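This report concerns only the one structure given below.
Each chain gets a letter, A, B and so on, in the order the sequences are listed, and its residues count up from 1. This one's a predicted model, so the numbers in the text were calculated from it and none came from an experiment.
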Amino acid sequence: MDAIMSLCKRRGFVYQTSEIYGGINGFWDYGPLGTLLKRNLREAWVQDVVMNPCWGRNGPDGQPVEMVMVDTRIIQHPKVWKASGHVDGFNDPMVDCRETRGRYRYDHVQVFVPASGDAGDKPTFAYVGDQPSEAKQRKKAEKTFGQVKSVALSSLPQPWDRVIAPDAEKPGSLTEPRMFNLMFDTVPGAIRDEANKAYLRPETAQGIFVQAKNVWDTNRVRVPFGIAQTGPSFRNEVTPRNFTFRSREFEQMEIEFFVVPPEHLEGEEKTKSDPMDWYRFFRDWRMEWWKSIGLGGENLILREHEKDELAHYSQATSDIEYRFPFTSPGFGELEGIAYRGNFDLTQHQKHSGTKLEFRDTTRGDVLPNGSRRGVAYIPHVIEPSAGLDRGVLALLCEAYTIDPARPSPEFMKFHPRVAPIKAAVFPLVDKDGMPEVAAKLHAELKKKFGHLGMIETDAKQSIGKRYARMDEAGCPFCFTVDGDTLKDQTVTVRDRDTGAQQRIAMDKVAAFVGEKLGL
RNA sequence: GCGGGCGUAGCUCAGUGGUAGAGCGUCAGCCUUCCAAGCUGAACGUCAGGGGUUCAAGUCCCCUCGCCCGCUCCA
């Protein structure tokens, strides 16, 4: 990993944010090559997800997959995060239970102690008011102490060695209270007033959910269809770690794909295009997609979550994971695909008071004129949520190759589609008319492919050095103008991965590059 | 959050309390007809930051920041 980080700095892929001031924990910048790599990855996603969804494949319902895009703000109404659960989950001090993995708001946890207040060596019984744990723990406490009274957990001295957590069996499982400032906050408005506190989004998904109604009201889309979005999100990670993997500012590429709830499916839809069918469809296709941009092999796995790993509202979730050098032999998450039911839209409907039902006019009773009456429902959702910066990191790790047998042992094996530099044109030597011919070819390629990535040219120093530089930058093809070019209008093309050369006609170079880029 | 390691040129790293170093890379020139070749020269340092001890600190002490590793945690 150190070698990869060193190359990233040396070649201008990734720099530490504000490095000249000592850096800032959890933030990384991209240099010229890294910026293009990231842009190419995002563009590939937009192209394959939105412009030509799922490579033109039909969904499980036999119809083309429909997808539109939105661009929502980093700052949303604070209630969005109340509804999504992010505020409650992460803005208050919480205590965790090591035994049950439960998490409780610190200020909600009460404890039954003897009426005398002194429990001696006996354990006391924590509970949360109005929860099942209250009656259960009261019963146990009364059995132990007889007369009991209730005190706040915060009034007891730490560590709570003899406190039995609300849903636990053994004492001492509660952690110290911790403040989870997951979300960054800010105050819109010129005058700083805490009452106006807003948050930087911890995920792009909620922006999609809260605009879903606008999208289906104004765009002639109908369920099933998806809304996609890319953009930055912010999480105040407790421990930023592992280069850019866990950053506090990071970019996501998310799809919320809305599908018909199971109870409204008719006939063979029930066995063909149930939400779980869509879930599997996206899970498998997303896996194929990552492979298609160069992450094939044993470093990429699909991991289905166990039942006890699932969030309470999700019926199925899987992760696409990559074996990063720092996670090896384990894996790190690149993308999560979750079937979230109608949890999010239901939450926003409840908190906003706005009906978020989709009126599906292809269903319901048949009317005398043959049309359908229509039914209204809150769509279910499949959420493929990918990390763009994590994708970039995976591409960097996967591309990094060392082959001591080569003159330039260290090189970046980017798939041509994501490579920041698409091609380079060199005169073999800087004389005898070669520079002029190379300049002309360079200009031609730049005009044709410059919008996809850099097209380089360089006449300085030895040809081996120039090849080596391109290898480190991950440029897949180098075209070299030599003495023969002047006689027969051919150039050599050198393949980055093998070093092999072939000779092709100069007027075929553009077609060659186009083909390799998949155009 | 706890523990460990590290921080000196763009990169990799030497550096015994006494003048800031090497290799590679970069740049310029020469040379060069296919793989970091050779020759000549040049530029590049708040020694992570701050404070202290000392006649003198890259070196010793304290604090802070950052990165890596392990544990903990992880929507």
Determine which nucleotide pairs with [N], using a 3.5 Å limit on both distances of a Watson-Crick or G-U wobble pair.
N     : value
B:G18 : B:C55
B:C24 : B:G10
B:G38 : B:C30

[atom1] atoms of [N] and [M], separation to the nearest Å:
N     : M     : atom1 : result
B:C60 : B:G15 : P     : 12 Å
B:A9  : B:G21 : C1'   : 10 Å
B:C62 : B:G23 : P     : 36 Å

Pick the closest RNA chain B nucleotide for A:Arg246 and for A:Gly499 by heavy atoms, then say which residue is nearer the 5' end. A:Gly499

To the side chain of [X], which of [options] is closest?
X        : options             : result
A:Lys465 : B:C35, B:U26, B:C69 : B:U26
A:Met434 : B:U33, B:C34, B:C67 : B:U33
A:Lys9   : B:C34, B:C69, B:G10 : B:G10
A:Val429 : B:C67, B:A75, B:U33 : B:U33
A:Phe326 : B:U33, B:C69, B:G29 : B:C69
A:Gln501 : B:C68, B:A36, B:C35 : B:C35
A:Ala468 : B:U26, B:C67, B:A36 : B:A36
A:Tyr467 : B:A28, B:C35, B:C27 : B:C35
A:Arg241 : B:C71, B:C34, B:A28 : B:C71
A:Asn25  : B:C67, B:A37, B:A75 : B:C67

Tell me the interatomic distance from A:Arg248, atom CZ, to B:G66, atom P, rounded to whole angstroms. 8 Å

Once hydrogens and angles are ignored, does a donor-acceptor distance under 3.5 Å link the base of [N] to the side chain of [X]?
X        : N     : answer
A:Ser408 : B:C35 : no
A:Tyr21  : B:C65 : no
A:Glu203 : B:A75 : no
A:Arg494 : B:C34 : no
A:Asp482 : B:C34 : yes

Using a 4.0 Å heavy-atom cut-off across all strands, classify [X] as base, sugar-phosphate, or nothing.
X        : value
A:Phe243 : sugar-phosphate
A:Ser6   : sugar-phosphate
A:Asp471 : nothing

